[in-house]
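These numbers come from the heavy atoms of this one structure, side chains and all, not from hydrogens, waters or symmetry mates. We count residues from 1, following the sequence as given.
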Amino acid sequence: MDTDDLTAGLLRELRAAKPYPALSLTLPTHRRAPDNAQDAVRLRNLVSEAMNRLEADPKVGRETRTAIKEQLDQAVTEVDPRRALDALVLLVTPDEHQIWQLPRTAPERVVLSDSYLTRNLVAAKAQAQPFWALTVSADRAELWGGTADALREARTGGFPMTAPPLDPDPQREEQIGDTPSIFSSQETRAFLRSADEKLRAVLAADPRPLYLAGSAQALTVLDEVGESPRSAAGRLAKGIPAGTAPSGLLEELRPVLEEHQERFAATVDGRLDEARGRRAFAGGLDEVWAAVREGRAGLVAVEEHFQRTVRVTDEHLEPLDEGTADPADSTVREDIVDELVERALDNGAEVVFLPDGSLTEHGGIAAALRY
(Lines give C-alpha, C1' and ligand atoms only; values in the text may rest on other atoms or scores of the structure.)
Protein backbone atom coordinates (compact mmCIF):
# COMPACT_ATOMS: atom_id res chain seq x y z
CA MET A 1 0.00 0.00 0.00
CA ASP A 2 1.07 3.58 -0.62
CA THR A 3 0.61 6.65 1.56
CA ASP A 4 -2.14 7.72 -0.84
CA ASP A 5 -4.21 4.77 0.44
CA LEU A 6 -4.22 6.07 4.03
CA THR A 7 -7.71 7.53 4.31
CA ALA A 8 -9.20 8.77 7.58
CA GLY A 9 -11.41 5.67 7.69
CA LEU A 10 -8.52 3.27 7.20
CA LEU A 11 -6.47 5.07 9.85
CA ARG A 12 -9.31 4.59 12.34
CA GLU A 13 -9.32 0.87 11.51
CA LEU A 14 -5.57 0.59 11.99
CA ARG A 15 -5.72 2.37 15.34
CA ALA A 16 -8.64 0.30 16.61
CA ALA A 17 -7.94 -2.05 19.51
CA LYS A 18 -7.08 -5.61 18.45
CA PRO A 19 -6.53 -8.86 20.30
CA TYR A 20 -2.94 -8.98 21.52
CA PRO A 21 -0.55 -9.16 19.76
CA ALA A 22 -0.79 -6.83 16.78
CA LEU A 23 2.66 -6.88 15.21
CA SER A 24 4.21 -3.81 13.59
CA LEU A 25 7.58 -4.01 11.81
CA THR A 26 9.32 -0.91 10.44
CA LEU A 27 12.51 -0.93 8.40
CA PRO A 28 14.43 1.80 6.53
CA THR A 29 14.86 0.80 2.88
CA HIS A 30 16.67 2.08 -0.19
CA ARG A 31 15.32 3.03 -3.60
CA ARG A 32 18.31 2.13 -5.73
CA ALA A 33 21.28 -0.17 -6.10
CA PRO A 34 23.72 -0.90 -4.62
CA ASP A 35 22.25 0.20 -1.27
CA ASN A 36 19.03 -1.78 -1.73
CA ALA A 37 20.94 -5.09 -1.78
CA GLN A 38 21.00 -5.05 2.03
CA ASP A 39 17.24 -4.57 2.46
CA ALA A 40 16.22 -8.22 2.02
CA VAL A 41 18.82 -9.39 4.54
CA ARG A 42 17.78 -6.80 7.09
CA LEU A 43 14.12 -7.73 6.61
CA ARG A 44 14.86 -11.40 7.26
CA ASN A 45 16.77 -10.46 10.43
CA LEU A 46 13.88 -8.28 11.60
CA VAL A 47 11.40 -11.09 10.99
CA SER A 48 13.61 -13.43 13.03
CA GLU A 49 13.66 -10.88 15.85
CA ALA A 50 9.86 -10.66 15.72
CA MET A 51 9.46 -14.42 15.92
CA ASN A 52 11.91 -14.61 18.84
CA ARG A 53 9.88 -11.95 20.64
CA LEU A 54 6.69 -13.91 20.03
CA GLU A 55 8.30 -17.15 21.24
CA ALA A 56 9.43 -15.48 24.44
CA ASP A 57 6.12 -13.75 25.15
CA PRO A 58 4.06 -15.80 27.64
CA LYS A 59 0.88 -13.98 26.56
CA VAL A 60 1.11 -15.43 23.04
CA GLY A 61 -0.18 -18.98 22.58
CA ARG A 62 1.18 -21.46 20.06
CA GLU A 63 -1.84 -21.26 17.76
CA THR A 64 -1.68 -17.45 17.65
CA ARG A 65 2.07 -17.54 17.09
CA THR A 66 1.70 -19.98 14.19
CA ALA A 67 -1.01 -17.87 12.55
CA ILE A 68 1.07 -14.71 12.84
CA LYS A 69 4.09 -16.49 11.36
CA GLU A 70 2.03 -17.59 8.37
CA GLN A 71 0.77 -14.06 7.79
CA LEU A 72 4.25 -12.60 8.25
CA ASP A 73 5.85 -15.08 5.86
CA GLN A 74 3.18 -14.27 3.27
CA ALA A 75 3.81 -10.56 3.68
CA VAL A 76 7.55 -11.01 3.15
CA THR A 77 6.98 -12.92 -0.09
CA GLU A 78 4.67 -10.14 -1.34
CA VAL A 79 7.13 -7.30 -0.74
CA ASP A 80 8.13 -5.94 -4.15
CA PRO A 81 11.70 -4.57 -4.01
CA ARG A 82 11.13 -2.76 -7.31
CA ARG A 83 8.67 -0.45 -5.54
CA ALA A 84 10.94 0.25 -2.57
CA LEU A 85 10.95 3.79 -1.24
CA ASP A 86 12.47 5.00 2.04
CA ALA A 87 10.77 2.70 4.54
CA LEU A 88 8.85 -0.56 4.74
CA VAL A 89 6.09 -1.16 7.29
CA LEU A 90 4.50 -4.57 7.85
CA LEU A 91 1.34 -4.77 9.98
CA VAL A 92 0.36 -8.29 11.00
CA THR A 93 -2.25 -10.09 13.10
CA PRO A 94 -3.30 -13.76 12.97
CA ASP A 95 -6.02 -12.78 10.46
CA GLU A 96 -4.37 -10.26 8.14
CA HIS A 97 -1.23 -8.55 6.92
CA GLN A 98 -0.60 -5.18 5.30
CA ILE A 99 2.45 -3.95 3.44
CA TRP A 100 3.21 -0.22 3.33
CA GLN A 101 6.07 1.32 1.36
CA LEU A 102 6.69 4.88 2.49
CA PRO A 103 8.51 7.90 1.02
CA ARG A 104 9.86 8.76 4.48
CA THR A 105 12.38 6.83 6.52
CA ALA A 106 11.51 4.96 9.72
CA PRO A 107 13.70 3.22 12.32
CA GLU A 108 14.27 -0.51 12.37
CA ARG A 109 11.82 -1.79 14.98
CA VAL A 110 9.50 -4.58 16.16
CA VAL A 111 6.43 -3.60 18.19
CA LEU A 112 3.95 -5.98 19.83
CA SER A 113 0.85 -4.19 21.10
CA ASP A 114 -2.96 -4.22 21.09
CA SER A 115 -3.07 -1.91 18.05
CA TYR A 116 -0.90 -1.14 15.05
CA LEU A 117 1.84 1.48 15.14
CA THR A 118 0.65 4.26 12.81
CA ARG A 119 2.89 7.27 13.44
CA ASN A 120 5.21 6.53 10.51
CA LEU A 121 2.27 6.13 8.12
CA VAL A 122 0.70 9.38 9.27
CA ALA A 123 3.93 11.38 9.03
CA ALA A 124 4.75 9.93 5.61
CA LYS A 125 1.37 10.93 4.24
CA ALA A 126 1.68 14.44 5.68
CA GLN A 127 5.11 14.82 4.09
CA ALA A 128 3.98 13.40 0.74
CA GLN A 129 1.33 16.15 0.43
CA PRO A 130 -1.08 14.20 -1.81
CA PHE A 131 -3.08 16.08 -4.39
CA TRP A 132 -5.87 15.59 -6.92
CA ALA A 133 -5.50 16.31 -10.62
CA LEU A 134 -8.45 16.52 -13.01
CA THR A 135 -7.81 16.16 -16.74
CA VAL A 136 -10.70 17.36 -18.89
CA SER A 137 -11.72 17.50 -22.52
CA ALA A 138 -15.10 17.97 -24.18
CA ASP A 139 -15.96 14.30 -23.79
CA ARG A 140 -13.69 12.88 -21.08
CA ALA A 141 -12.89 13.69 -17.44
CA GLU A 142 -10.32 11.68 -15.49
CA LEU A 143 -9.33 12.08 -11.86
CA TRP A 144 -5.81 11.34 -10.67
CA GLY A 145 -4.42 11.06 -7.17
CA GLY A 146 -0.75 11.45 -6.48
CA THR A 147 2.30 12.93 -4.82
CA ALA A 148 5.54 14.33 -6.15
CA ASP A 149 6.77 10.72 -6.50
CA ALA A 150 3.88 8.99 -8.25
CA LEU A 151 0.50 9.47 -9.88
CA ARG A 152 -2.30 7.03 -10.56
CA GLU A 153 -5.81 7.18 -11.90
CA ALA A 154 -8.46 7.42 -9.19
CA ARG A 155 -11.52 5.35 -10.01
CA THR A 156 -13.74 6.89 -7.40
CA GLY A 157 -16.66 9.29 -7.11
CA GLY A 158 -17.96 8.46 -10.58
CA PHE A 159 -14.64 9.00 -12.37
CA PRO A 160 -13.57 8.49 -15.08
CA MET A 161 -16.44 10.10 -17.02
CA THR A 162 -17.17 9.82 -20.72
CA ALA A 163 -19.73 12.04 -22.46
CA PRO A 164 -22.29 10.46 -24.81
CA PRO A 165 -21.59 11.19 -28.49
CA LEU A 166 -23.11 14.42 -29.79
CA ASP A 167 -25.78 14.26 -32.45
CA PRO A 168 -24.71 16.03 -35.66
CA ASP A 169 -26.57 19.21 -36.67
CA PRO A 170 -26.85 19.01 -40.46
CA GLN A 171 -29.41 21.86 -40.57
CA ARG A 172 -26.97 24.32 -39.01
CA GLU A 173 -24.18 23.14 -41.26
CA GLU A 174 -26.42 23.59 -44.32
CA GLN A 175 -27.59 27.07 -43.27
CA ILE A 176 -24.34 28.50 -41.91
CA GLY A 177 -21.78 26.34 -43.63
CA ASP A 178 -19.77 25.34 -40.58
CA THR A 179 -19.69 22.86 -37.74
CA PRO A 180 -20.17 24.51 -34.34
CA SER A 181 -17.40 24.20 -31.74
CA ILE A 182 -18.02 21.25 -29.49
CA PHE A 183 -17.33 23.52 -26.51
CA SER A 184 -20.29 25.74 -27.35
CA SER A 185 -22.80 22.91 -27.18
CA GLN A 186 -25.15 22.61 -24.22
CA GLU A 187 -24.33 18.90 -24.00
CA THR A 188 -20.62 19.64 -23.43
CA ARG A 189 -21.40 22.30 -20.84
CA ALA A 190 -23.74 19.90 -19.04
CA PHE A 191 -21.06 17.20 -19.12
CA LEU A 192 -18.41 19.47 -17.58
CA ARG A 193 -20.93 20.75 -15.04
CA SER A 194 -21.56 17.15 -13.99
CA ALA A 195 -17.81 16.53 -13.75
CA ASP A 196 -17.48 19.55 -11.47
CA GLU A 197 -20.28 18.29 -9.21
CA LYS A 198 -18.64 14.89 -8.84
CA LEU A 199 -15.26 16.51 -8.22
CA ARG A 200 -16.67 18.70 -5.44
CA ALA A 201 -18.01 15.58 -3.73
CA VAL A 202 -14.57 13.95 -3.89
CA LEU A 203 -12.90 17.09 -2.49
CA ALA A 204 -15.41 17.25 0.35
CA ALA A 205 -14.70 13.64 1.32
CA ASP A 206 -10.91 13.88 0.92
CA PRO A 207 -9.67 17.51 0.78
CA ARG A 208 -6.39 17.95 -1.11
CA PRO A 209 -4.84 20.59 -3.36
CA LEU A 210 -6.44 20.42 -6.81
CA TYR A 211 -4.73 20.80 -10.17
CA LEU A 212 -6.56 21.10 -13.48
CA ALA A 213 -5.23 20.08 -16.89
CA GLY A 214 -6.83 20.38 -20.32
CA SER A 215 -7.03 22.57 -23.37
CA ALA A 216 -7.63 26.29 -22.84
CA GLN A 217 -11.15 25.88 -24.24
CA ALA A 218 -12.00 23.01 -21.89
CA LEU A 219 -10.71 24.88 -18.84
CA THR A 220 -12.59 28.03 -19.85
CA VAL A 221 -15.90 26.17 -20.02
CA LEU A 222 -15.16 24.39 -16.73
CA ASP A 223 -14.54 27.81 -15.16
CA GLU A 224 -17.88 29.05 -16.48
CA VAL A 225 -20.02 26.13 -15.36
CA GLY A 226 -18.19 24.86 -12.28
CA GLU A 227 -17.20 25.86 -8.76
CA SER A 228 -14.15 23.68 -8.06
CA PRO A 229 -11.78 25.67 -10.35
CA ARG A 230 -12.02 28.63 -7.96
CA SER A 231 -9.98 26.76 -5.35
CA ALA A 232 -7.53 25.07 -7.73
CA ALA A 233 -3.88 25.23 -6.66
CA GLY A 234 -2.74 25.40 -10.27
CA ARG A 235 -3.63 24.58 -13.85
CA LEU A 236 -1.98 23.28 -16.99
CA ALA A 237 -3.59 24.71 -20.13
CA LYS A 238 -2.59 21.86 -22.40
CA GLY A 239 -4.62 19.07 -23.91
CA ILE A 240 -3.80 15.69 -22.39
CA PRO A 241 -4.09 12.89 -24.97
CA ALA A 242 -6.17 9.86 -24.01
CA GLY A 243 -3.98 7.04 -22.79
CA THR A 244 -1.25 9.30 -21.39
CA ALA A 245 0.83 7.32 -18.89
CA PRO A 246 0.66 8.46 -15.26
CA SER A 247 4.41 9.16 -15.28
CA GLY A 248 4.03 11.32 -18.38
CA LEU A 249 1.19 13.32 -16.86
CA LEU A 250 3.17 13.82 -13.65
CA GLU A 251 6.08 15.27 -15.61
CA GLU A 252 3.71 17.61 -17.44
CA LEU A 253 2.31 18.77 -14.09
CA ARG A 254 5.65 19.10 -12.30
CA PRO A 255 6.29 22.80 -13.13
CA VAL A 256 2.78 23.62 -11.89
CA LEU A 257 3.34 21.61 -8.71
CA GLU A 258 6.67 23.32 -8.04
CA GLU A 259 5.19 26.77 -8.59
CA HIS A 260 2.45 26.03 -6.06
CA GLN A 261 4.99 24.70 -3.55
CA GLU A 262 7.01 27.91 -3.79
CA ARG A 263 3.91 30.01 -3.13
CA PHE A 264 2.88 27.70 -0.31
CA ALA A 265 6.30 27.89 1.38
CA ALA A 266 6.22 31.70 1.21
CA THR A 267 2.74 31.70 2.79
CA VAL A 268 3.88 29.43 5.65
CA ASP A 269 6.93 31.64 6.23
CA GLY A 270 4.64 34.64 6.48
CA ARG A 271 2.42 32.88 9.02
CA LEU A 272 5.44 32.00 11.15
CA ASP A 273 6.65 35.61 11.00
CA GLU A 274 3.22 36.80 12.10
CA ALA A 275 3.31 34.34 15.01
CA ARG A 276 6.70 35.68 16.10
CA GLY A 277 5.30 39.21 16.02
CA ARG A 278 2.50 38.31 18.45
CA ARG A 279 4.79 36.16 20.66
CA ALA A 280 2.95 32.97 19.75
CA PHE A 281 5.87 31.09 18.23
CA ALA A 282 7.85 27.98 19.14
CA GLY A 283 11.16 27.07 17.54
CA GLY A 284 13.27 23.95 17.94
CA LEU A 285 12.24 20.38 18.67
CA ASP A 286 11.89 20.68 22.46
CA GLU A 287 9.72 23.82 22.32
CA VAL A 288 7.51 22.49 19.52
CA TRP A 289 7.12 19.12 21.27
CA ALA A 290 5.92 20.88 24.43
CA ALA A 291 3.47 23.04 22.46
CA VAL A 292 2.07 20.02 20.61
CA ARG A 293 1.78 17.96 23.78
CA GLU A 294 -0.17 20.79 25.44
CA GLY A 295 -2.43 21.26 22.40
CA ARG A 296 -1.24 24.84 21.79
CA ALA A 297 0.23 24.36 18.31
CA GLY A 298 -2.00 25.53 15.47
CA LEU A 299 0.57 25.19 12.67
CA VAL A 300 3.65 22.95 12.72
CA ALA A 301 6.26 23.37 9.98
CA VAL A 302 8.93 20.68 9.53
CA GLU A 303 11.81 20.36 7.10
CA GLU A 304 11.23 17.35 4.81
CA HIS A 305 14.14 15.22 6.02
CA PHE A 306 14.34 16.45 9.60
CA GLN A 307 14.71 13.48 11.97
CA ARG A 308 16.13 13.22 15.49
CA THR A 309 16.70 10.52 18.09
CA VAL A 310 16.03 11.75 21.62
CA ARG A 311 15.55 10.65 25.19
CA VAL A 312 12.38 11.91 26.87
CA THR A 313 13.27 13.16 30.35
CA ASP A 314 11.01 15.16 32.67
CA GLU A 315 8.77 16.18 29.76
CA HIS A 316 11.77 17.48 27.78
CA LEU A 317 13.71 16.02 24.88
CA GLU A 318 17.42 15.29 25.20
CA PRO A 319 19.06 14.88 21.74
CA LEU A 320 21.19 11.76 21.31
CA ASP A 321 24.07 11.29 18.90
CA GLU A 322 23.46 8.79 16.10
CA GLY A 323 24.34 5.26 17.14
CA THR A 324 24.43 5.96 20.88
CA ALA A 325 20.79 5.12 21.69
CA ASP A 326 19.93 1.88 23.48
CA PRO A 327 16.88 0.37 21.70
CA ALA A 328 15.87 -1.30 24.96
CA ASP A 329 15.60 2.07 26.73
CA SER A 330 11.88 2.91 26.87
CA THR A 331 12.65 6.64 27.14
CA VAL A 332 14.39 6.70 23.74
CA ARG A 333 12.42 7.80 20.69
CA GLU A 334 14.11 7.18 17.35
CA ASP A 335 11.25 8.74 15.41
CA ILE A 336 10.17 11.55 17.72
CA VAL A 337 9.38 13.79 14.75
CA ASP A 338 6.87 11.29 13.36
CA GLU A 339 5.35 10.92 16.83
CA LEU A 340 5.10 14.71 17.09
CA VAL A 341 3.46 14.98 13.66
CA GLU A 342 0.86 12.34 14.48
CA ARG A 343 0.00 13.95 17.82
CA ALA A 344 -0.22 17.42 16.26
CA LEU A 345 -2.65 16.18 13.62
CA ASP A 346 -4.71 14.38 16.24
CA ASN A 347 -4.95 17.66 18.16
CA GLY A 348 -6.28 19.47 15.09
CA ALA A 349 -3.07 21.28 14.14
CA GLU A 350 -2.06 21.88 10.54
CA VAL A 351 1.25 20.15 9.70
CA VAL A 352 3.28 21.22 6.68
CA PHE A 353 6.62 20.08 5.32
CA LEU A 354 9.07 22.54 3.78
CA PRO A 355 12.26 22.04 1.75
CA ASP A 356 15.40 21.26 3.74
CA GLY A 357 17.15 24.43 4.87
CA SER A 358 13.93 26.44 5.18
CA LEU A 359 13.95 26.33 9.00
CA THR A 360 17.68 26.18 9.73
CA GLU A 361 17.57 29.05 12.22
CA HIS A 362 14.92 27.16 14.20
CA GLY A 363 16.61 23.75 14.18
CA GLY A 364 14.47 22.28 11.41
CA ILE A 365 11.06 22.66 13.04
CA ALA A 366 8.82 25.54 14.17
CA ALA A 367 5.22 26.19 15.19
CA ALA A 368 2.68 28.99 15.28
CA LEU A 369 0.70 28.74 18.51
CA ARG A 370 -3.00 29.15 19.11
CA TYR A 371 -2.31 31.02 22.36
Original post:
What is the minimum heavy-atom distance between Leu14 and Leu6, and which atoms define it?
Top reply: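 Looking at all heavy atoms of both residues, the shortest contact is CD1-CD1, 4.0 Å.
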Subject >> Exercise: identify the closest heavy-atom pair between Gln127 and Pro103 >> reply: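 Looking at all heavy atoms of both residues, the shortest contact is NE2-O, 3.8 Å.
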Original post:
Please walk me through it: do Arg189 and Val221 pass side chain to side chain contact (heavy atoms under 4.5 Å, CB included)?
Top reply: CA-CA 7 Å; Arg189 297 176 70 85; Val221 176; 4.0 Å; yes
Original post:
ring pair (Phe, Tyr, Trp, His ring centres under 6.0 Å) with Phe306: which residues, sequence neighbours excluded?
Top reply: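 Once residues adjacent in sequence are excluded, Phe306 has no partner under the ring pair (Phe, Tyr, Trp, His ring centres under 6.0 Å) criterion.
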**OP:** Decide whether a cation-pi geometry holds between Lys59 and Tyr20; the criteria are a distance under 6.0 Å from NZ or CZ to the six-membered ring centre and an angle within 45° of the ring axis.
**Re:**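 Pair Lys59/Tyr20 counts as cation-pi.
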Original post:
Does the side chain of Trp100 come under 3.5 Å of the side chain of Gln98 through a donor N or O and an acceptor N or O?
Top reply: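 Yes, side-chain donor-acceptor contact under 3.5 Å.
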Original post:
Under 3.5 Å, is there a donor-acceptor pair linking the side chains of Asp149 and Thr147?
Top reply: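 On atom types as modelled, these side chains do not qualify, holding no pair under 3.5 Å.
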Subject >> Ala344: side-chain contact (heavy atoms from CB on, under 4.5 Å) partners, not counting sequence neighbours >> reply: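 Partners of Ala344 under the side-chain contact (heavy atoms from CB on, under 4.5 Å) test: Val292, Val300, Ala349, Val351.
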Subject >> Contacts of Ser231 that satisfy side-chain contact (heavy atoms from CB on, under 4.5 Å) - sequence neighbours left out >> reply: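 By the side-chain contact (heavy atoms from CB on, under 4.5 Å) rule, Ser231 matches no residue at all.
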Subject >> Single-linkage hydrophobic cluster Leu121~Val79, side-chain heavy atoms < 4.5 angstrom >> reply: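 Different clusters: Leu121 never reaches Val79 through Ile, Leu, Val, Met, Phe, Trp or Tyr contacts under 4.5 Å.
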Subject >> Leu46 with Leu88, same ILVMFWY side-chain cluster at under 4.5 Å >> reply: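 Hydrophobic grouping puts Leu46 with Leu88.
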Original post:
For Asp80, does its backbone N or O pair with a side-chain atom of Gln101 as donor and acceptor, under 3.5 Å?
Top reply: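 Yes, because the side chain of Gln101 sits within donor-acceptor range (under 3.5 Å) of the backbone of Asp80.
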